[in-house]
A.B. asks: 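Pasting a structure below so you can have a look.
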Amino acid sequence: MISNLKENVEIILPENGLEEKLEQAKKDNRKLIIKLGFDPTAPDLHLGHAVVLKKLKQFQDLGHQIVILVGDFTAQIGDPTGKNKSRKPLSAAEVKQNAQTYLNQLSKIIDTDKVKIVFNSEWLDKLSFTEVIQILSKVTVAQLMHRKDFNKRFTENSPIAMHELVYPILQGFDSVEIKADIEMGGTDQLFNCTMGRQLQETFEMNPQVVMCMPLLKGLDGKEKMSKSLNNIIGLTDAPNDMFGKTMSMPDSLIEEFLDLATDFSVSEKEAVKARLSNGENPMEIKKLIAKNIITQYHNEAEAQNAEAFFINQFQNKKFEEKSFESVLINSLQQENGIISLVDLCVQLKKEQSKSAVRRLIESGAVKINNEKNLDPFAEIELKNETKIKIGKRDFFELKA
RNA sequence: GGGGAGAUACUCAAGCGGCCAACGAGGACAGACUGUAACUCUGUUGUUUUUUAACUUCGCAGGUUCGAAUCCUGCUCUCCCCA
């Protein structure tokens, strides 16, 4: 059981802490409190988050108490780094809304009925300045400067605002408030999580164990998976999308995805890796991974469908009827069923400027009924079942 | 508090009165080739009117000029040195 709990975990602090906590819980006949923080500004969950969430799920299955901490207070302060200084603090309503979205997505992996949700504004709002100073006095600047990104910015002479330094401390104080036994997070959270240990100790509590999961790389194969880098597979992505995205990742990512994104058993993983090193086409392995992922977040039938679709559509280059995003002709702005190609594509592909779309068309990215059309001003007749491909991933079909 | 340097598009970074929507690099996107991989090659990378054009952009606000990212004034912010 312990080895399952430790699978894929990159860092456990202290080393034997997990065992001790489990034993203690057993002795006291109580649930462990397992904390996971969530920043309410970014509620789009992807496979990177799933790495941590699946670990939480294991604990939940063993009967422990998951506490989701919504960092609404810290989000109100706003992040001053870099150019983001104009970032608006979220309103209470937005925070609520985001938390709800987050929960919905969470339910793909863990049982949200059994999860406890808390907002850190509940206690952080109430602290007096005296109390704040007292908390701050527990931490030294030298400690804070150990954090990698503070250190980097400091040595590079880029600004660090005071309240940024306070962030990790507040996060640590959250652990005090909720009496966390374990705090989970990605390896990037290591510093913040250890802050929790330290503060709990000064508040004479048994310090939490820190468990950090590795950060899954994004589809670009370079950076961590992150929405802003546009390299994610979202938990709520459609099956065909998941399949296509998985197939488009660089081969160098295969092992990592196998380990972190699939739910194969350890021995199955080994077997698949052996196939790879025996020279099997990595593409086949990627299909395996894709199917496994879709099975997790949708179901097996969908996974089969997605594969069949992919093979037919992209490998055999046959256009299939299914799985184009249907667009009602009535919903488009038009003139008597006629529209220019740019205008059509702008409406289909939202959040792109007209100029950008126009360039796309001119570079040959748009096909109508599988025929390239390079003229942005071609007049398109809006007919039922007209298929429009924009780039590699966006497919639409008009419906009367 | 005193002295010095600086703020340019996603990032880095040129430009220092007209030839600037702004060199170059990275990134990103698209195309060809492929296994929707990598490599390589090509193109694009402010917005808008069907575009040898107009409009908005070089920290913010004013000013000088026929004309400003470039000069002047004030402001904001950052970095460095000294106290």
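Here is how names work: the chains are called A, B, and so on, in the same order as the sequence lines, proteins then strands, and each is numbered from 1.
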A.B. asks: Between Asp394(A) and Lys349(A), is there a side-chain N and carboxylate O pair less than 4.0 Å apart?
C.D. replies: yes
A.B. asks: Inspect the contact between Arg147(A) and Glu164(A) and indicate whether a charged nitrogen and a carboxylate oxygen are less than 4.0 angstrom apart.
C.D. replies: no
A.B. asks: Would you mind checking if Asp181(A) and Arg30(A) are paired as a salt bridge, meaning a charged N to carboxylate O distance below 4.0 Å?
C.D. replies: yes
A.B. asks: Please give, in whole Å, the distance from U47(B) P to Leu360(A) CG?
C.D. replies: 11 Å
A.B. asks: Report yes if a side-chain nitrogen or oxygen of Ser353(A) is closer than 4.0 Å to either non-bridging phosphate oxygen (OP1 or OP2) of G46(B); otherwise report no.
C.D. replies: no
A.B. asks: Is there a chain of hydrophobic side chains (I, L, V, M, F, W, Y, each step under 4.5 Å between heavy atoms) that links Phe257(A) to Leu229(A)?
C.D. replies: no
A.B. asks: Sticking with atom P, work out how far A5(B) lies from C19(B), rounded to a whole angstrom.
C.D. replies: 29 Å
A.B. asks: If I pick the C1' atom on U45(B) and the same atom on U11(B), what distance separates them, to the nearest angstrom?
C.D. replies: 14 Å
A.B. asks: With rounding to the closest Å, how many angstrom separate the C1' atoms on G17(B) and U76(B)?
C.D. replies: 26 Å
A.B. asks: Judged by modelled atom types alone, do Gln24(A) and Lys21(A) share a side-chain donor-acceptor pair under 3.5 Å?
C.D. replies: no
A.B. asks: Please measure how far the C1' atom in C72(B) lies from the corresponding atom in U65(B), and state the result in whole Å.
C.D. replies: 11 Å
A.B. asks: What is the distance from CD1 of Ile254(A) to C1' of G35(B), rounded to the nearest Å?
C.D. replies: 10 Å
A.B. asks: Are Glu397(A) and Lys399(A) within salt-bridge range, i.e. N to O under 4.0 Å?
C.D. replies: yes
A.B. asks: Taking the side chain of Met283(A) as heavy atoms from C-beta outward, which of A28(B), U48(B), G35(B) is closest to it?
C.D. replies: G35(B)
A.B. asks: Is the ring centre of Phe310(A) less than 6.0 Å from the ring centre of Phe314(A)?
C.D. replies: yes
A.B. asks: For the P atoms, the ones on G27(B) and on A38(B), what distance do you get once it is rounded to whole angstrom?
C.D. replies: 13 Å
A.B. asks: Between atom CZ in Arg359(A) and atom C1' in U50(B), what is the gap in whole Å?
C.D. replies: 15 Å
A.B. asks: For the side chain of Ala365(A), starting at C-beta, report the closest nucleotide among A30(B), U36(B), U48(B).
C.D. replies: A30(B)
A.B. asks: Can a side chain N or O of Gln315(A) be found less than 4.0 Å away from OP1 or OP2 on G35(B)?
C.D. replies: no
A.B. asks: Just the rounded figure in Å: distance from P of A32(B) to CG of Leu374(A).
C.D. replies: 11 Å
A.B. asks: Output yes when Asp251(A) and Lys286(A) qualify as a salt bridge under the 4.0 Å nitrogen-oxygen rule, no when they do not.
C.D. replies: yes
A.B. asks: Round to a whole Å and report the spacing from CG of Asn230(A) to C1' of C29(B).
C.D. replies: 10 Å
A.B. asks: What is the separation between atom NZ on Lys392(A) and atom P on G35(B), rounded to the nearest whole Å?
C.D. replies: 14 Å
A.B. asks: Please give, in whole Å, the distance from G46(B) C1' to Lys354(A) NZ?
C.D. replies: 16 Å
A.B. asks: Using nucleotides 38-43 of chain B, report all nitrogen or oxygen pairs with the protein that are shorter than 3.5 Å.
C.D. replies:
none

A.B. asks: Would you kindly give the CG-to-P distance between Asp394(A) and C29(B), to the nearest whole Å?
C.D. replies: 12 Å
A.B. asks: Can you work out whether Phe377(A) or Phe314(A) has the more 5'-proximal nearest nucleotide on RNA chain B?
C.D. replies: Phe314(A)
A.B. asks: With RNA chain B as reference, determine whether Lys372(A) or Ser252(A) sits nearer its 5' end, using the nearest nucleotide of each.
C.D. replies: Lys372(A)
